[in-house]
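Input: a single structure, listed below in structure tokens.
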There are 2 protein chains.
Amino acid sequence: MPNQKRPPFAENVTADDVAIAAGVSRWTVNRAFRKDASISPKSLQKVMVAAERLGYLPDLRAASLASDRSNLVALLIDDFANPHKLVMMERLTRILRREGWDILLVNTLNRDDAGHALLNASQRRVDAVILIGIQFDDDVLETALQARRFRKLIVFARSSENPDTISIAVDDVGAMTELARYVHQRGYRRPLFVAGPQSHSAHLLRKETFLEYWGKHFSFQPESVTVPAYDPALAATIVMETLSHRGPSDLPDVIVCENDALAMGASDVIRHKLGLEIPKDIAITGFDDVPQADNPNYRLTTYRQPLTEMVEYLVKVLADPEERDLNRLFTGRLIPRHSA
Amino acid sequence: MPNQKRPPFAENVTADDVAIAAGVSRWTVNRAFRKDASISPKSLQKVMVAAERLGYLPDLRAASLASDRSNLVALLIDDFANPHKLVMMERLTRILRREGWDILLVNTLNRDDAGHALLNASQRRVDAVILIGIQFDDDVLETALQARRFRKLIVFARSSENPDTISIAVDDVGAMTELARYVHQRGYRRPLFVAGPQSHSAHLLRKETFLEYWGKHFSFQPESVTVPAYDPALAATIVMETLSHRGPSDLPDVIVCENDALAMGASDVIRHKLGLEIPKDIAITGFDDVPQADNPNYRLTTYRQPLTEMVEYLVKVLADPEERDLNRLFTGRLIPRHSA
DNA sequence: ATTTTTCTTGCTCGCGCGAGCAAATGTAAG
DNA sequence: CTTACATTTGCTCGCGCGAGCAAGAAAAAT
């Protein structure tokens, strides 16, 4: 019995207990914990002293039930092999918490599971759902919206065409055009595009933008391959399959990847499997500027999304009560490094 | 007005609405959604049909308020530069959700913030708090326990000495002894130990175990350095500072790191800054077996924690109503690779 | 057919708080 | 010292559900 002096769980101390201790009414106690409420400095003081002594803190479940605002957002996420997810989660959790939002984290296993995950979130009556997974294609979104269960459905870090969602993303067309122009001007002429999962529009946008740019300037469509997940190891396998049996003249001179996760896999293959040098034999570009992109093993030329700015905007969107067009595209920055 | 046919948020349909539609009482409706409840197949069917049609799902806030069980656990986490955190989060979120637990994700910014984060979680009346951060030293734990606000305080993936917390971790002493013996038997004789943040006991355990082993077999304490975060880039800086001005005979022949994040940073320095070869000039070992450890750039000899097994046990701990000793140490596996 | 047992259903009450109003108190103006 | 007005406080009612019991229905036993 280790817990003799210390009961393992506090008997619930409620606002009533504090009210008695402070000599005020229950409602004054609760008001003391709301920033908008009108309360005299004297009673605020009395309440806070009593609350501190009794260890009282308002129950947010009850507050939410009564006010119909939960101050909770659900974060639906998959694609855990992609290191950029860790960066996004860090930024989102830090800034949202600073603004008073709590986060319900849901790992959506696959496309079929996405619907369940959304229902799950809805049962907690979250104020908004933030999607940063790759599995939320238009069908899934449509189904979620049919249920009319969410005040705000925010697609983060990729653009969504759906008119009933709020999309906060980087301008893929502008970004990829900039990357294509860079690759073009550096003199590369035989690109291979490495695309991620085909299930949604945002990243198709990057691929299409690149292919179109190239088609316009050289009147041929560059080769492209698809990797079914943003997983460096998987990307390595696919790139290896694609390139291993080719002679030197058949190899691309630059591999343009939809994001850094894929670029890291491609880079590993070029250097360690094919024994070639980056960027001399084959150059590489990525997208996202994950921390590893700056690692001496990669030194990836990539494109940095203004993540903090995007999350700050997300915070504003969450607080916005109006019903209006909140979609927004952000412009990032090309980060030239050694790889291309 | 994009939402003409589709109101943006469903009017709240409650159990009462379903009850009327199904021709039963409100309590029968709620019972239909509880797996333990006794209800006839006929009324279950009626309720489910009506619920489906109206788009009803029970409100978990209200359920929690009434039953005093939230089915929510808070996950307090920091150290987002460590790639192992992404692995842990994936495993935890996947398995906990499968078992019906929802997760409140809290990013604890620093040690001072840990207390606030705990209070924050307590206001949602979570059933348990899982700590996988590095900032929860005994002082913080003690403060949290003083408040007697948590039914279960689970320290995951590191051992805690505190008798009022439940620790689910790998056996650091056993693991590090195995690693030390491996390094010893491979013939290395001038180790440098790279330790992480000093703020808590678990990782001191790894360091102490290694130093003791070496002291016992060679009667001298190997050198060690401390990195203030599990960040590969930071580890690289510190290791560089430590080694850059030394002649070849002064260099260690093996760098034993407290985990893979540090090992990756050390590896980068050895190969890219010092221009040395691994393992010929300097060998390296890590801990955790993160996905990147198997990457051709690292090929880290490391120690794999049985993470799935540990999370499965965590699930059992969460479901356990009894008040008894639930601490447990797990044994992992040494993964020999090229780096040592 | 009647009694006993089991299963199912409905109900009272309460979980802890907030919206919104009415009463009370305080403050300024005449 | 009143009257007018602003600020603060207390209160009724309801948010949506669950525990636990009592009444009702069904099944089993006599």
Side-chain angles (χ1 to χ4, degrees), chain A residues 9-48 50-51 54-72 122-127 149 151 321, chain B residues 9-48 50-51 54-72 122-127 149 151 321:
Chain A
F9 190 62
E11 68 295 346
N12 268 343
V13 31
T14 81
D16 284 306
D17 303 330
V18 179
I20 293 168
V24 297
S25 74
R26 203 258 296 160
W27 297 271
T28 303
V29 172
N30 288 15
R31 259 189 278 260
F33 284 89
R34 265 175 283 162
K35 50 179 171 299
D36 58 309
S38 105
I39 185 172
S40 71
K42 200 169 51 184
S43 24
L44 179 64
Q45 166 78 1
K46 279 195 295 186
V47 169
M48 285 313 188
L54 299 179
Y56 168 79
L57 280 178
D59 183 329
L60 292 184
R61 298 169 306 178
S64 165
L65 194 59
S67 71
D68 204 35
R69 294 195 65 245
S70 60
N71 269 287
L72 236 197
S122 85
Q123 289 197 262
R124 298 271 176 199
R125 303 299 189 258
V126 296
D127 289 333
R149 233 169 243 300
R151 296 166 212 245
Chain B
F9 189 61
E11 68 296 346
N12 266 345
V13 31
T14 81
D16 284 305
D17 305 329
V18 179
I20 293 169
V24 298
S25 74
R26 203 256 298 158
W27 298 271
T28 303
V29 172
N30 287 357
R31 259 189 279 261
F33 284 88
R34 264 174 285 161
K35 51 178 172 303
D36 58 309
S38 104
I39 186 173
S40 71
K42 199 168 52 182
S43 25
L44 179 64
Q45 166 79 3
K46 279 195 295 185
V47 169
M48 285 313 187
L54 299 178
Y56 168 80
L57 280 177
D59 184 330
L60 293 183
R61 298 171 304 179
S64 165
L65 194 60
S67 71
D68 204 36
R69 294 195 64 244
S70 60
N71 269 286
L72 237 196
S122 85
Q123 289 198 263
R124 299 270 175 199
R125 304 298 190 257
V126 296
D127 290 332
R149 233 168 243 299
R151 297 164 210 248

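Chain A is the first sequence line, chain B the second, and so forth, proteins listed ahead of strands; every chain is numbered from 1.
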(message) Reading DNA chain C from 5' onward, which residue's closest nucleotide shows up sooner: B:A62 or B:S38?
(response) B:S38
(request) Measure from the side-chain heavy atoms of A:R34 and tell me the nearest of D:dC17, D:dG10, C:dA19. (result) C:dA19
(message) Nearest whole Å is fine: how far is C:dG18 P from A:R61 CZ?
(response) 13 Å
(request) Can you tell me the distance, in whole Å, between the CG atom of B:N30 and the C1' atom of C:dT8? (result) 16 Å
(message) With hydrogens left out and only the distance checked, is there a donor-acceptor pair under 3.5 Å joining B:R31's side chain and the base of C:dG10?
(response) yes
(request) Tell me what B:S64 touches on the nucleic acid: a base, only sugar-phosphate, or nothing, going by heavy atoms under 4.0 Å. (result) nothing
(request) Check the distance between D:dT9's C1' and A:K42's NZ and give it to me in whole angstrom. (result) 12 Å
(request) Taking the side chain as every heavy atom from C-beta outward, state whether B:L72 and B:D127 have any atom pair closer than 4.5 Å. (result) no
(message) Looking at B:Q123 and A:L60, would you say the former's side chain and the latter's main chain have a donor-acceptor pair under 3.5 Å?
(response) no
(request) Would you mind reading off the distance between B:D16 atom CG and C:dC11 atom C1', rounded to a whole angstrom? (result) 13 Å
(request) Tell me whether the OP1 or OP2 atom of C:dG18 has a side-chain N or O from A:S67 closer than 4.0 Å. (result) no
(message) Distance check needed: C:dT9 P versus B:L44 CG, whole Å only.
(response) 10 Å
(request) Figure out the CD1/P separation between A:I39 and C:dG26, and round it to whole Å. (result) 15 Å
(request) Could you check how far NZ of B:K46 sits from P of C:dT9, rounded to whole Å? (result) 8 Å
(request) Using a 4.0 Å heavy-atom cut-off across all strands, classify A:F33 as base, sugar-phosphate, or nothing. (result) nothing
(request) Classify the nucleic acid contact of A:L65 as base, sugar-phosphate or nothing, counting any heavy atom under 4.0 Å across all strands shown. (result) base
(message) Could you check whether any side-chain heavy atom of A:L65 comes within less than 4.5 Å of a side-chain heavy atom of B:D59, counting everything from C-beta outward?
(response) yes
(message) Between the base of C:dT12 and the side chain of B:W27, is one N or O donor paired with an acceptor at under 3.5 angstrom?
(response) yes
(message) Classify B:T28 by what it touches in the nucleic acid, base, sugar-phosphate, or nothing, heavy-atom distance under 4.0 Å.
(response) sugar-phosphate
(message) Could you report the tightest heavy-atom contact between B:G23 and B:K46, atom names first, then the distance?
(response) O-NZ, 4.4 Å
(message) With a 3.5 Å distance limit and no angle check, can you tell me whether A:N30 reaches the backbone of A:W27 through a side-chain donor-acceptor pair?
(response) no
(request) Rounded to the nearest angstrom, tell me the gap between atom CD1 in A:I20 and atom C1' in D:dG10. (result) 15 Å
(request) Record whether the side chain of B:R26 comes under 3.5 Å of the base of D:dG18 through a donor-acceptor pair of N or O atoms. (result) yes
(message) Between B:S40 and A:T14, which residue's closest nucleotide on DNA chain C lies nearer the 5′ terminus?
(response) B:S40
